[in-house]
Protein chains: 2
Amino acid sequence: MEKRVRLVDVARAAGVSQGTASNAFGKPHLVRQQVRDRIFAVAAELGYRGPHVMARMLRTGRAGALGVVFPDNLEYAFTDPVAIELLRGVGRECARQAVNMMIISAENQEQAISAVNNAAVDAFLVHCYSDNNDIISALRRRNLPLVGIDTDIRDAVASVVLDDYTGAAMAARHLLECGAGYFAILSLQANEAERFGPMDDKRRGAVSHRVVRERLAGYHAMLESGGVEVDDIVHIECDNLSEQASAQVRQLLIDHPKIDGILAMSDVIAIGALDAIKKAGKSVPGDIRVIGFDGIADGERTDPPLSTITQNSVEKGRLAAELALGEGDRRSRVLPTTLTVRGSTKA
Amino acid sequence: MEKRVRLVDVARAAGVSQGTASNAFGKPHLVRQQVRDRIFAVAAELGYRGPHVMARMLRTGRAGALGVVFPDNLEYAFTDPVAIELLRGVGRECARQAVNMMIISAENQEQAISAVNNAAVDAFLVHCYSDNNDIISALRRRNLPLVGIDTDIRDAVASVVLDDYTGAAMAARHLLECGAGYFAILSLQANEAERFGPMDDKRRGAVSHRVVRERLAGYHAMLESGGVEVDDIVHIECDNLSEQASAQVRQLLIDHPKIDGILAMSDVIAIGALDAIKKAGKSVPGDIRVIGFDGIADGERTDPPLSTITQNSVEKGRLAAELALGEGDRRSRVLPTTLTVRGSTKA
DNA sequence: AAACCGAAATGAATCGATTCAATAATGTAT
DNA sequence: ATACATTATTGAATCGATTCATTTCGGTTT
């Protein structure tokens with residue numbers, strides 16, 4: 001393995017200073033064409049591969065990359081349709097700003113922390129549900145611009161969240177308007193502890209995930225104003241995977257046959273619910289109305305098509321990236337949702 | 001903005017050499033506990049943030065990241081279900097090896113080249129259909145381990161491709177066995193020129209994308225052995241998006257009403273075809289048998305469920321990452337496919 | 001007390017660029 | 001021809017660690 005050709009070698013061989021050689025590559029307009037050409041010719045002859053990326057980074061302090069972290073579940077990033085849309089938006093903004101996208105990957109918390117510590121990036125984006133987490137602390141310690149998605153993070157330069165409360169309230173109002181009277185809420189995981197199934201008062205009081213807290217509050221407020229007692233609502237904490245959710249809903253239908261309105265905190269869960277209801281021989285929306293949350297593409301093709309609260313996840317990701325990379329004012333943003341009515345709530 | 005605290009500052013303040021201070025952080029077992037503790041205490045007091053990532057990289061020459069490039073279409077990575085599965089596999093292997101994943105992003109070819117040149121990574125993975133491309137040249141110039149996915153790349157340390165020929169042949173045989181006699185092939189894009197629609201001989205002779213070439217050959221060989229003339233097969237070059245493909249198939253059904261077997265080169269296209277056929281009032285598989293390629297999850301939930309040639313894209317990505325990061329023997333791999341029979345070909 | 005050994009610590013060299021104040025070269029106006 | 005701007009070039013300092021050959025230390029063994 002021969003030694004790498006360095007800029008200084010090229011400079012010497014071309015009979016110019018190292019500074020000029022550097023400019024020829026990085027700021028060509030500062031070097032006379034004649035000289036530039038000579039430098040390039042010599043570089044080609046010596047087999048110079050261009051400026052060393054890491055050396056340049058060290059000197060300039062810029063990494064040219066945006067770090068993206070998913071602390072809750074590392075594999076989640078390429079599994080959940082909403083996360084993928086988010087990444088699409090992040091990617092779009094990174095492309096616009098000519099910055100690469102570094103996805104922090106790890107198998108466990110400890111590894112994730114060292115991945116965060118070793119990532120050569122200019123800013124971090126973190127998608128998470130709660131912020132009491134060692135990975136978040138590691139991110140803070142890096143002292144780089146940090147933008148939280150879907151949760152507020154202390155010390156972050158900004159955050160991008162959804163107006164979850166209003167979205168949930170819209171969903172609940174719609175079900176009320178469609179005539180539902182007995183409700184079940186299919187919740188996303190409420191905190192770090194991986195526990196699924198029926199959600200009692202105690203568990204409902206220990207919700208650390210912002211998204212879940214806000215959506216529950218929105219559902220409850222609207223249902224109460226519609227004359228429904230919160231204690232009469234069945235709460236189930238579901239895994240955010242259609243298959244698992246489907247199994248949980250199957251049990252729900254057995255335990256609570258009167259249920260005629262289902263509020264799901266994600267479309268993935270709602271799709272599982274549709275499946276379970278169909279298998280149980282009940283009809284949607286005749287017997288049970290189902291509304292999801294997110295507005296993923298798959299919801300358009302279910303049978304019946306899924307009513308939902310639509311959010312623009314692509315824009316959420318793009319905006320977060322813009323805030324993280326941006327120099328301008330970095331106010332945190334709350335993004336709106338819209339009600340999308342399809343066949344699962346209205347015939 | 002105060003000046004950053006450096007390792008040398010910590011070392012001085014703690015009364016040890018810089019080398020020892022470095023070891024305290026990077027190789028703690030080489031430093032006596034007593035001394036180590038003192039160094040950490042001083043570091044905390046001075047507000048030292050830990051070793052500077054870029055400086056460490058420059059010195060060690062390791063970036064701790066794997067670059068992933070999609071030259072054909074940059075947004076494609078987070079849009080196509082197969083690409084997403086691929087990324088999931090890559091992510092899994094990166095996590096296993098405690099390496100981050102750098103996604104090269106750009107809006108155009110020129111930007112992509114400079115993104116490749118500025119990426120601090122230890123190896124590159126490139127997913128593409130053909131290798132005559134300036135981005136590929138830029139990748140080669142970096143002189144890092146390079147693994148090609150779905151196409152062979154000159155100078156790559158290895159490549160991971162599918163046994164496309166056999167997969168296509170299996171698909172064609174299956175349709176023959178199901179009694180189809182008049183075939184249409186819905187092809188992926190055959191080369192860099194973005195042209196869609198009917199594919200004449202000339203265009204079929206100018207296929208630069210390896211995947212398309214192999215699959216066409218597999219389809220043709222099997223159909224011919226089943227007594228079908230290649231010239232009697234209708235070829236349509238489709239955009240790899242369900243909506244667009246659907247529109248193209250609508251026209252196909254008008255122009256060629258006798259078609260009773262459709263071979264689609266991707267499930268995404270096949271799903272579009274199912275849609276168009278349903279809208280045209282024909283039945284699947286009664287009037288027309290449809291088989292896709294890839295085995296994406298969405299194909300299980302179409303109506304009827306989609307028969308397909310299943311590949312393991314997650315493993316394809318994982319394996320490619322392993323080869324790129326690995327030290328061991330790096331033979332190129334050809335991955336197998338399996339026939340998955342569902343309702344779109346057999347009642 | 002001398003000799004020896006392994007573990008711990010040292011400190012200068014190195015990784016490979018970019019930057020910027022100072023200087024030189026070139027061009028233009030008087 | 002002289003003065004004055006402009007544009008190019010120089011070269012040393014700097015970014016912030018890690019490495020490794022060498023020296024020092026502390027403890028055993030003879």
Side-chain angles (χ1 to χ4, degrees), chain A residues 1-40 42-43 46-64 114 117-120 122 142-144, chain B residues 1-40 42-43 46-64 114 117-120 122 142-144:
Chain A
M1 175 100 178
E2 328 105 67
K3 218 159 129 64
R4 196 188 159 87
V5 180
R6 297 174 344 276
L7 184 61
V8 62
D9 303 323
V10 174
R12 275 196 199 120
V16 298
S17 79
Q18 198 176 161
T20 299
S22 174
N23 283 335
F25 288 96
K27 303 178 177 171
H29 60 279
L30 292 182
V31 179
R32 219 163 6 122
Q33 167 133 18
Q34 197 188 146
V35 178
R36 223 190 309 154
D37 289 347
R38 180 154 41 94
I39 294 174
F40 289 151
V42 170
L46 296 182
Y48 180 62
R49 287 184 205 298
H52 190 276
V53 177
M54 296 160 185
R56 176 214 295 269
M57 275 186 188
L58 172 59
R59 182 62 241 226
T60 63
R62 270 189 44 89
S114 93
N117 285 330
N118 293 326
D122 298 315
R142 284 295 304 267
N143 212 35
L144 292 170
Chain B
M1 177 100 176
E2 327 105 68
K3 216 157 131 71
R4 196 188 159 85
V5 180
R6 297 170 350 272
L7 185 61
V8 62
D9 303 323
V10 174
R12 272 193 203 125
V16 297
S17 77
Q18 197 174 165
T20 299
S22 175
N23 283 335
F25 288 95
K27 302 177 177 171
H29 59 280
L30 292 181
V31 179
R32 222 166 0 126
Q33 168 133 18
Q34 198 189 142
V35 178
R36 222 190 308 155
D37 290 346
R38 180 154 40 99
I39 294 174
F40 289 153
V42 170
L46 295 183
Y48 180 62
R49 287 184 206 296
H52 190 275
V53 178
M54 296 160 184
R56 176 213 295 265
M57 274 186 187
L58 171 60
R59 181 63 241 223
T60 63
R62 271 187 45 89
S114 92
N117 284 330
N118 293 326
D122 298 314
R142 285 296 302 267
N143 212 35
L144 293 170

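Chain letters run A, B, ... following the sequence lines, proteins first and then strands; every chain starts at 1.
- Computed from coordinates, the B:H52 NE2 to D:dC15 C1' distance equals 7 Å when rounded to whole Å.
- Looking at A:R56, its side chain has no donor and acceptor atom pair within 3.5 Å of the base of C:dT18.
- One atom, CE of A:M57, and another, P of D:dC15, lie 19 Å apart when rounded to the nearest Å.
- Side chain of B:R142 to backbone of B:A119: a donor-acceptor contact under 3.5 angstrom is found.
- Between A:D122 and A:R62 the shortest side-chain heavy-atom distance falls below 4.5 Å.
- Between B:R56 and A:N118, the closest side-chain pair of non-hydrogen atoms falls below 4.5 Å.
- A distance of 12.5 Å separates OG1 in B:T20 from NZ in B:K27, rounded to the nearest 0.5 Å.
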Assign a letter to each nucleotide of nucleotides 4-11 of chain C from its 5' end: B, base within under 4.0 Å of a protein heavy atom; S, sugar-phosphate only; -, no contact. ----SSBB

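- Per the geometry, CE belonging to A:M54 stands 14 Å off C1' belonging to D:dT18, to the nearest Å.
- Residue A:F25 is classed as having no contact, given no heavy-atom separation below 4.0 Å to the nucleic acid.
- No more than 12 heavy atoms of other residues, nucleotides or ligands sit less than 6.0 Å from atom CZ of A:R12.
- Contact annotation: A:K27 side-chain N/O to C:dT18 OP1/OP2 distance is not under 4.0 Å.
- Judged by distance alone, the side chain of A:D37 and the main-chain N or O of A:Q34 form no donor-acceptor pair under 3.5 Å.
- What separates CG of B:L7 from P of C:dC15 is a distance of 19 Å, to the nearest Å.
- For the pair A:L7 and A:Q18, the minimum side-chain heavy-atom distance is below 4.5 Å.
- Atoms CZ (B:R12) and P (C:dA12) sit 11 Å apart, rounded to a whole Å.
- Counting to the nearest Å, the P atom of C:dC15 and the CG atom of A:L58 are 14 Å from each other.
- Protein atom CZ of B:R62 is 19 Å distant from nucleotide atom P of D:dA17, rounded to whole Å.
- Distance, B:D9 CG to D:dG16 P: 9 Å, rounded to whole Å.
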